[in-house]
Amino acid sequence: MNAKSTTAVPNAGGRRSFMGSLGRHGFVWGLLAPALIFFCVFNVVPLIWMVGLSFYNYTLTTGNPPMFNGIDNYLSLLSDPSDWSAFSRTFLFMLLTVSLSGLIGSLLGLVFWGSKNLPGRRIALTMLFTPMLLTPASVGVFFKLMLNPNFGVISYIAELFTGHRVDFLSHQMSAQIAVLLVDVWMWAPFMTLITLAALASVPQAELEAARVDRLGWFATLKRVIFPHAKFILMLGLLLRTIDAFKTTDVVLLLTHGGPGASTELLGMRIYRLGFNSLDMGNASTMGVVALLIAIGFTSLYLYVLSLKRVEG
Amino acid sequence: MAATQHTSVQTRVKRAAYYLLLWLIALIFFLPVLWILLSSLKSTDQMLSSVPTVFFEPTFHNIVDTLNRPEFLPALINSVILSVVSVVLAVIVSFTAAYAISRFKPKGSDFLMFLLLSMRMVPAAAVIIPLFLMFVELHWKGSYVGLTLFYTMYSIPFSLWILKGFLDGVSQRFDETALICGANYLQIMFGIILPQVRPALIAAFIFNVIFVWNEFLVNYIVGGSSTQNVPGLLATGMYSGGSVDWTFMAATTSLYMMPVIVMIFFFQKYLLVGMTFGTVRGEV
């Protein structure tokens, strides 16, 4: 192809003919084009479609074509208490699952720090890291089975303590706790992984110096480990936050957002609006808000990521 | 370090206790998985008894039965085809794009990388609403091609991020020297640079295959009965109405997670980069 324009050595400067530069441009765009086409067809177009629909009244059940209604959907989003509770529920869920999985995960990370010579380490770590890569559909099936009030092993264990069979998923509070704990179970190991990486970023020499200086473990943690580890930990917690924000699929299979709307997180709310009520207009409006929040989180994440690059 | 031949009994006991603790933690996290694996080896009565059966004689009846179900094998084949084809395509597309971005830094490429990552951070349900309408409109609903191409897009952000990160680490001197020796860009890209980013290619391939292998929301909503993958099969099984066929569900789940567990075992060193979309590198 145009790749023969040998003068176009990247960063080499020098004699670059007009034809060569044109050819190079064509070549660069040729390399980028497939990815851009995929991006446009499967992300940009649907998302523009979604933004457009968010200004329409469009419910599939009525059979009517979409009707433009301005910002009515956004106004109703502001005034609808069930939308508000979906948001507040999601943020509470994010807060709880990120702090619980963060706490448990980083503690386990500290515990696993010295595990280099653990016999069968690879198998042990595989067991630890399996939950986060399981099919969400399988996780839903798993816990539905184990929480089943007739033959579930968790409900059997709960019976030993409470004296009666607990049907976790049919009571609001216990269903919420179940969803939360399943999420923590899946994602605490992720924070362990992150913590191990963060601890590996602490220079060995400084740890050695702390040992020579007989620094206590807490002082070592605070003054030697944390300053180095905090960067990767921060990235991990941010990713965890984004993941918690995204949570849809496990909840869909485990509780379908119920009982009532007690486990209806933002993703679930959009799903139910779109595919249970077939109200595509309002579902799109929620989707747009979710999109904006996601863009906000990603900006924050990349900002934190760029801090390190500037530092060193 | 302290000479190992002098380790006292006390430190050896301490170390044994420590290792035991580590194994215990790993086991606790694995327990729910283990329970399902064991459940799939139980008879229906044992599995559905109100007092959990811990000791039992394993039977492969459920596994054999599941493999013989007419719906299982096609779903499994769909899972394999959808994940492998779409990810191979995504890795190729991402490699060329990442090469262009890393070497020529076209205007707006940082913004493009940002947008791509953002799209993976949106709740799946929000993406699916317009995707569903678009697929219905274009008559792509239930088509292999539509779903495969969607999964390709689904795999591009991570592939591009990780490949770009690795390509930035490969010195441009390779390109320059090869150019002077008369090679063209395609030869440089595939012959000289590609082999040097093998870890990134492996990580992108393995993790995107796992992500697509596990995906069910899009498959469930946008796919049709002929493109259904195993997670989709599980989801329909849960909500098909009537009673849930628990032995089939447990056996299917057990079979389906085996490849993932094997991949985590063999590609453990790529786990960090895989789970952070290529933004954090390192080994554990």
Side-chain angles (χ1 to χ4, degrees), chain A residues 3-4 6 9-12 28 31-32 34-35 38 42-43 46 49-50 108 115 118 124-131 133-135 137-138 141-142 150-151 153 156 189-190 193 196-197 200 232 235 239 242 246 248-249 253 266-267 270-271 274 283-284 287 290-291 294-295 297-298 302 305, chain B residues 19 22-23 25-26 29-30 32-33 36 48 50 52 93 96-97 99-100 103-104 106 114 117-119 121-126 129-131 134 150 152-153 156 172 175-176 179 184-186 210 214 216-217 231 234-235 238 246 249 253 257 260-261 264-265 268 272 275-276 279-280 282 284:
Chain A
K4 284 262 158 64
T6 41
V9 178
N11 292 350
V28 172
L31 291 180
L32 277 171
F38 270 106
F42 290 96
N43 273 343
W49 200 318
M50 180 168 82
L108 292 185
S115 67
L118 175 72
L125 286 186
T126 303
M127 285 162 71
L128 185 64
F129 293 144
T130 293
L133 280 169
L134 285 176
T135 313
S138 297
V141 172
F142 267 31
N150 299 316
F151 49 82
V153 59
Y156 173 79
F190 170 72
L193 180 70
L196 285 172
I232 294 179
L235 289 178
L239 278 179
I242 295 169
K246 279 169 63 178
T248 309
D249 28 21
L253 274 171
L266 187 63
I270 297 172
Y271 181 90
S284 299
L291 174 70
I295 289 178
F297 277 132
T298 313
L302 291 183
L305 195 66
Chain B
Y19 287 164
L22 295 182
W23 267 98
I25 293 169
F29 272 88
F30 197 67
V33 182
I36 296 298
L48 300 185
S50 64
V93 165
T96 59
Y99 183 79
R103 290 303 190 252
F104 302 103
F114 160 71
L117 196 63
S118 298
M119 294 307 121
M121 304 303 187
V122 181
I129 300 276
L131 199 69
M134 185 177 118
F150 171 78
T152 306
M153 184 56 229
I156 285 177
Q172 298 217 350
D175 307 55
E176 289 161 18
L179 273 177
N184 68 37
Y185 273 116
L186 287 178
I210 295 180
N214 286 346
F216 93 97
L217 217 49
L234 287 169
M238 292 289 272
W246 285 111
M249 296 299 246
T253 308
M257 65 190 173
V260 176
I261 295 177
I264 300 175
F265 179 80
Q268 210 165 76
L272 184 68
M275 296 309 289
T276 58
T279 53
V280 181
V284 281

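So that the names make sense, note that chain A is the first sequence line, chain B the second, and so on, each numbered from 1. Note that the coordinates shown come from a computational prediction; the quantities given were computed from them, not determined experimentally.
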Heavy-atom proximity to chain A below 4.5 Å, by part of B:Met257: side chain

Among B:Ser50, B:Pro231, B:Ala100, residue most engaged with chain A (heavy-atom pairs, under 4.5 Å): B:Ser50

Max heavy-atom pair count under 4.5 Å with chain A, selected residue of B:Pro32, B:Ala124, B:Ala26: B:Pro32

Segment of B:Leu22 engaging chain A (4.5 angstrom heavy-atom cut-off): both

Options A:Asn150, A:Leu32, A:Leu118, ranked by heavy-atom pairs under 4.5 Å with chain B, top entry: A:Leu118

Residue pair A:Phe151, B:Trp246: steps toward the side-chain contact (heavy atoms from CB on, under 4.5 Å) verdict: CA-CA 11 Å; A:Phe151 49 82; B:Trp246 285 111; 3.3 Å; yes

Within-4.5 Å side-chain heavy-atom neighbours: B:Tyr99 and B:Asp175: yes

Sub-4.5 Å side-chain heavy-atom contact between B:Met119 and A:Thr298: no

Heavy-atom proximity to chain A below 4.5 Å, by part of B:Ile36: side chain

Side chain / backbone / both / neither for B:Val260 at chain A, heavy atoms under 4.5 Å: side chain

Per-residue contact mode, A:Ile295 against chain B (heavy atom under 4.5 angstrom): both

Student check: side-chain heavy atoms of A:Lys246 and B:Val122 closer than 4.5 Å: no

Most contacts with chain A, counted as non-hydrogen pairs under 4.5 angstrom, among B:Ile210, B:Leu217, B:Thr253: B:Thr253

Part of A:Phe190 lying under 4.5 Å from any heavy atom of chain B: side chain

Residue selection (most heavy-atom pairs with chain B, distance under 4.5 Å) from A:Leu31, A:Leu108, A:Leu128: A:Leu31

Aromatic contact, B:Tyr185 with B:Phe104 (centres under 6.0 Å): yes

Engaged part of A:Leu134 at the chain B interface, taking heavy atoms whose separation is under 4.5 Å: both

Residue pair B:Met134 / A:Trp49, side-chain heavy-atom distance below 4.5 Å: yes

Heavy-atom check, side chain of B:Leu234 versus side chain of B:Met238, under 4.5 Å: no

Shortest non-hydrogen separation from A:Leu133 to B:Asn214 and the atoms involved: O-ND2, 2.8 Å

Sub-4.5 Å side-chain heavy-atom contact between B:Thr276 and A:Leu235: no

Option in A:Ile232, A:Val153, A:Ile242, A:Thr248 with maximal non-hydrogen atom pairs under 4.5 Å from chain B: A:Val153

Side-chain touch B:Thr152/A:Phe38, heavy atoms, less than 4.5 angstrom: yes

Top contributor to chain A contacts, counting heavy-atom pairs under 4.5 Å, from B:Phe114, B:Phe150, B:Tyr19: B:Tyr19

Per-residue contact mode, A:Tyr271 against chain B (heavy atom under 4.5 angstrom): both

Which atoms of A:Thr130 approach chain B - backbone, side chain, both or neither, heavy atom under 4.5 Å: both

